Amino acid sequence: MKIYFAPLEGITYHIFRNAYNSIYGNIDKYFSPFISPAEKCPITPRERKDIIPENNAGLCLVPQILTCRSDYFIAAAKELHAMGYTELNLNLGCPSGTVCAKGKGAGFLADTSALQSFLDDIYSYAASDNMKISLKTRLGYSDPDEFYVLMDLFNSYPVSELIIHPRIRSDFYKGEPRREYFAYALEHSKCPLVYNGNIFTCQDYDELSDQFGTALDPIMSGRGLIADPSLAGKLKGLETETDFVKLRRLHDTLYHEYQKIMSPDINVLYKMRELWTYWQPLFDGSARDIKNLLKAKRYADYEAIAYRLLSDKA
Ligand SMILES: Cc1cc2nc3c(=O)[nH]c(=O)nc-3n(C[C@H](O)[C@H](O)[C@H](O)COP(=O)(O)O)c2cc1C
């Protein structure tokens with residue numbers, strides 16, 4: 001089974017990817033959080049630093065682009081091609097209000113004729129530059145039945161992989177994914193499919209697998225892999241329990257690496273505290289400690305709690 005690490009803006013940048021990959025592995029592809037090209041600036045220096053192959057050695061990375069302008073997409077794609085990338089991903093799922101208001105992300109799904117001419121442009125570029133382009137999409141903007149038209153549209157391009165997060169924009173990341181539409185895609189898609197959404201445990205995967213069988217491969221997971229970084233190993237049958245020694249290593253690596261590049265201290269703590277909101281369920285019975293940890297404003301306060309929680313489990 002292949003497992004893809006979903007892009008999570010704010011979290012899965014190169015420091016996280018490298019730390020995760022060296023400690024846990026078991027990921028077949030990582031997708032970068034989106035690059036947002038602008039006029040005359042296809043890729044910012046900060047985005048470039050995250051993407052350059054030197055900062056992603058030994059892992060399979062697919063850069064993701066968020067735009068509704070085919071000329072911007074192609075300008076960024078050419079730069080990525082020059083860096084050595086042969087596969088890119090288009091974001092058709094971001095539900096954020098500011099992104100959708102500009103007709104990007106999930107907002108692009110609302111205008112299928114604009115999307116069609118955009119896809120015409122980027123896939124003819126792709127053919128000329130030997131570039132693979134995958135799509136990461138929701139079912140639609142305001143109604144899941146929009147997916148029927150979108151499926152036909154996607155079928156008319158050489159989409160290298162179609163990653164489906166079976167929700168609409170207004171679902172954001174809440175509620176149950178609308179699995180029946182993934183079943184429809186399995187019947188009608190001409191492109192290889194990837195399922196994404198709410199795989200937090202092996203049981204979640206087993207339920208999906210009962211419904212979709214061997215077609216459920218590859219899968220993409222985001223929040224589930226953050227919340228339990230051992231999940232990929234568990235899904236692949238290589239680990240049976242959450243490995244807290246590895247979690248401690250992941251924690252320490254990220255904490256030290258973020259300290260090297262971020263200031264003031266509180267910014268490092270914001271990053272770490274965000275991770276702890278995902279890790280919280282692994283520390284059942286420590287609600288009060290976690291509450292204090294999520295309020296920590298100084299390294300000393302943070303470390304006293306974080307190291308105790310991690311040592312108790314390891
Ligand atoms: C904090 C956060 C940031 C995200 N950033 C991105 C992003 O940059 N690009 C993208 O395609 N999806 C992004 N997503 C969506 C995830 O990639 C994924 O599709 C979603 O979380 C559902 O999968 P999951 O249930 O496995 O987490 C983000 C989601 C969250 C919660």
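All of these numbers come straight from a predicted model, not from anything done at the bench. Start at 1 and go down the list; that is how both ligands and their atoms are numbered.
- Near Ala6, the atoms of ligand 1 lying under 4.0 angstrom from a non-hydrogen atom of the residue are 17 (O).
- For atom 29 (C) of ligand 1, the nearest non-hydrogen atom from the set Phe172, Tyr173, Phe31 comes from Tyr173.
- For the pair Asn155 (side chain) and Lys190 (backbone), a donor-acceptor distance under 3.5 Å is present.
- In terms of protein heavy-atom proximity, atom 19 (O) of ligand 1 is closest to Asn196 OD1, 2.6 Å.
- When hydrogens are left out, the protein atom nearest atom 9 (N) of ligand 1 is Gln64 OE1, 2.8 Å; that is the closest non-hydrogen contact.
- Residues Asn21 and Tyr30 have side chains that bring a donor and an acceptor to within less than 3.5 angstrom of each other.
- Every atom of ligand 1 with a heavy atom of His165 under 4.0 Å away is listed here by number and element: 22 (C).
- Taking any N or O of Gly222, backbone or side chain, at least one lies under 3.5 Å from an N or O belonging to ligand 1.
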Task: Test salt bridge (charged side-chain N to carboxylate O under 4.0 Å, His left out) applied to Lys2 and Glu161, step by step - done: CA-CA 13 Å; Lys2 286 199 167 68; Glu161 287 185 304; over 6 Å; no
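- Of the candidates Thr201, Asp243, Thr242, Asn26, Lys234 forms a side-chain hydrogen bond (donor to acceptor under 3.5 Å, both in side chains) with just one, namely Thr242.
- One option in Arg223, Lys136, Met220 has a heavy atom closer to atom 21 (O) of ligand 1 than any other, and that option is Arg223.
- Ligand 1 has at least one atom lying under 4.0 Å from a heavy atom of Gly197.
- With 3.5 Å as the limit, one finds a donor-acceptor pair spanning the side chains of Asp120 and Tyr157.
- Aromatic rings from Phe108 and Phe118 are positioned such that their centres are separated by under 6.0 Å.
- A salt bridge links Lys236 to Asp28: at least one charged side-chain nitrogen sits closer than 4.0 Å to a carboxylate oxygen.
- Using bins of under 30°, 30° to 60° and over 60° for the plane-to-plane angle, the ring pair Trp276/Phe283 lands in the tilted bin.
- Heavy atoms of Ser221 come nearer than 4.0 angstrom to ligand 1 in at least one pair.
- Among all protein heavy atoms, the one lying closest to atom 13 (C) of ligand 1 is Pro7 O, 3.0 Å.
- Residues Tyr258 and Met272 meet the side-chain proximity criterion, which asks for heavy atoms closer than 4.5 Å.
- Using a 4.0 Å cut-off to heavy atoms of Phe34, the atoms of ligand 1 that qualify are 7 (C), 8 (O).
- Proximity annotation for atom 2 (C) of ligand 1: of Asn198, Leu8, Ile226, Leu8 comes nearest, heavy atoms only.
- Polar contact check, Glu9 against ligand 1: a nitrogen or oxygen pair lies under 3.5 Å apart.
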